[in-house]
Asks: 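Structure in structure tokens, see below.
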Number of protein chains: 2
Amino acid sequence: MLADFTSHDIEHAQRLAASRQRWRPGSVLMPAGAVGAHLLVSGWACSQRILGDGRRQIFDVILPGEGYGWDAPGGAVARPTVVALTSVETVEAGGLASVTEGGEPDGLRRALQAIQREEDVRRLEHIVRLGRLTAPERVAHFILEMRQRLGAGGAHNFPLPLTQEVIADLLGLSVVHLNRVLRQFRTEGVVELRRGVAFLQDERALAMTAVLAPRPAERPAFR
Amino acid sequence: MLADFTSHDIEHAQRLAASRQRWRPGSVLMPAGAVGAHLLVSGWACSQRILGDGRRQIFDVILPGEGYGWDAPGGAVARPTVVALTSVETVEAGGLASVTEGGEPDGLRRALQAIQREEDVRRLEHIVRLGRLTAPERVAHFILEMRQRLGAGGAHNFPLPLTQEVIADLLGLSVVHLNRVLRQFRTEGVVELRRGVAFLQDERALAMTAVLAPRPAERPAFR
DNA sequence: CGGTTATTTGAAATACGTCAATTCAAGTGG
DNA sequence: CCACTTGAATTGACGTATTTCAAATAACCG
């Protein structure tokens, strides 16, 4: 679905180059509620919320090449704070905003819809993960999700430049506990995170504990 | 925003009456992934997922008068299973599906967008609740959210016909623990749930523990 | 009523968080 | 290349929140 762009789309893309901007880790790329379509040219970011007492919950990771701050085609969307996790480069993509309001669904528009839905699905998974998975299950699930999102297919290692604090804030765990889960996985030869790279050693075991296939014929709920 | 419907919208509404349907609690109103706009004429429902081993996570409650199964204006949306929590009556609202694709944003279309965004915001709150709030905080937060959604404004009691099991599955807690939190609130004279009604006694205390104002100037995250 | 489902409670296990240090890795300036 | 600094990862000891198991009441429904 990302294939069939029109020449009109191409123009949009070309306008992007103008506004490249560099940020250091921790920078607020976009405050909560702000509008403005952007692309993450390089580096990793996340959307998050921070509570009054400092507790942080990360909603989603934003990968290099992905966008943020744009409206879903046809309507505004909840817009949490976006923060850089590594050094990042961004470009404005103001064109996107208008595209989403256009008439005929063209290539770009459909692509944006698809992305929006993926984000949506991921958010539901996130809710299940936080609400009903144990710490090891959350970690396993997250690692596999990351691999898939990175398009690392069956690859056994892939970049994951996130500190344990970030992963903990994503998974609703304390850093210390996350660290212990990771050590467990490491000593069991399941998976290892080292210097920003994930080394997947026992994929089957990981998938097992990830409680994958989270959509197995819903039960009738009561009786 | 719900005010300015066109006569065109009214027609849509009139077509609804045709397909009224009655369901008992526990019925699957709509299996995961299914499409088809519906309205909950009466009764309460929820969207949920159930894991292979029976663990359940509820994503959201659907109140009487609210809709489900429709596409957000302009694009498809993740579609979890919808289940009746009480006896419910539903009507098909097939018209909505087409409205969302229409050209000019009319009253109904804008209303749907607004609803969609509210759902969106609520889902983010839900993530924070599950990831970073303690059990008492989750419960307090949930009760206040319900009051607001019910339009019960400053009312001190309002209907909440949910079993503790449902609330537990919503908040990612065990029934037993939820029950204990509720007892705590009850004996402290904060709030009481009895026979499907919530009796709010110390609103201030509840709001306090709900960690309300969850959006207080985001910190720079790293230094 | 009688049967069923929901709520409530106690006791015990466990998962997870907090506190406080220590180690390790990476970068910087000499 | 070596201190030196800084942030991240790691570990131990301990406290607490939450779950699990099992059973007793209490509310609901035909």
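Chain identifiers are assigned alphabetically (A, B, ...) following the order of the sequence lines, protein sequences preceding nucleic acid strands; residue numbering begins at 1 within each chain. Keep in mind that this is a model prediction, so the values were computed, not measured.
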Asks: Over its full length, what angle do the end axes of the helix from dC1(C)-dG30(D) to dG30(C)-dC1(D) make, each axis taken from five pairs and the result rounded to 10 degrees?
Replies: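 Rounded to the nearest 10 degrees, the bend comes out at 50°.
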
Asks: In whole Å, what is the span from the CG atom of L133(A) to the P atom of dC16(C)?
Replies: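 After rounding, the gap between these two atoms is 11 Å.
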
Asks: Could you check how far CD of Q164(A) sits from C1' of dC16(C), rounded to whole Å?
Replies: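 Value for this atom pair: 16 Å.
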
Asks: Below 4.0 angstrom, N of the basic side chain to O of the carboxylate: do R183(A) and E188(A) qualify?
Replies: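 Answer for the salt bridge query: no.
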
Asks: May I have the distance from R183(A) (atom CZ) to dT11(D) (atom C1'), rounded to whole angstrom?
Replies: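 Value for this atom pair: 7 Å.
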
Asks: In chain order, what residues pass the side chain to side chain donor-acceptor pair (under 3.5 Å) check against R123(A), with sequence neighbours excluded?
Replies: none

Asks: Just to verify, what does S42(B) make a side chain to side chain contact (heavy atoms under 4.5 Å, CB included) with, not counting sequence neighbours?
Replies: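 Partners of S42(B) under the side chain to side chain contact (heavy atoms under 4.5 Å, CB included) test: E89(B).
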
Asks: Sequence neighbours left out, what passes ring-ring contact (aromatic ring centres under 6.0 Å, His included) with Y68(A)? Give chain and number order.
Replies: H38(A)

Asks: Using the side chain to side chain donor-acceptor pair (under 3.5 Å) criterion, which residues pair with S87(B)? Sequence neighbours excluded.
Replies: none

Asks: Check the distance between dC16(C)'s P and L130(A)'s CG and give it to me in whole angstrom.
Replies: 13 Å

Asks: Can you check the L182(B) CG to dT18(D) P distance for me, whole Å?
Replies: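 My rounded result for the distance is 13 Å.
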
Asks: For N179(A) and dT10(D), is the shortest distance between a side-chain N/O and OP1 or OP2 below 4.0 Å?
Replies: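 Answer is yes, contact under 4.0 Å.
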
Asks: Taking only residues two or more places apart in sequence or in another chain, which ones pass side chain to side chain contact (heavy atoms under 4.5 Å, CB included) with R194(B)?
Replies: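 If we apply the side chain to side chain contact (heavy atoms under 4.5 Å, CB included) test to R194(B), skipping adjacent residues, the hits are E192(B), F199(B).
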
Asks: Suppose we screen for side chain to side chain donor-acceptor pair (under 3.5 Å). Which residues come up paired with R180(A), at least two apart in sequence or across chains?
Replies: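 R180(A): no side chain to side chain donor-acceptor pair (under 3.5 Å) contacts found.
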
Asks: From C-beta outward on R186(A), which listed nucleotide comes closest to its side chain: dT10(D), dA25(C), dT8(C)?
Replies: dT10(D)

Asks: Distances under 3.5 Å between protein N/O atoms and the N/O atoms of nucleotides 19-25 of chain D, please, pair by pair.
Replies:
| unit_1 | atom_1 | unit_2 | atom_2 | d |
| --- | --- | --- | --- | --- |
| dT19(D) | OP1 | S174(B) | N | 3.3 |
| dT19(D) | OP2 | S174(B) | N | 3.2 |
| dT19(D) | OP2 | S174(B) | OG | 3.1 |
| dT20(D) | O4 | R180(B) | NH1 | 3.4 |

Asks: So which nucleotide from dA8(D), dC16(C), dA27(D) ends up closest to the side chain of R195(B)?
Replies: dA27(D)

Asks: With no hydrogens and no angle check, do the side chains of Q57(A) and R49(A) hold a donor and an acceptor under 3.5 Å apart?
Replies: no

Asks: Checking Q148(B) now: which residues fulfil side chain to side chain contact (heavy atoms under 4.5 Å, CB included) with it, not counting sequence neighbours?
Replies: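 By the side chain to side chain contact (heavy atoms under 4.5 Å, CB included) rule, Q148(B) matches no residue at all.
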
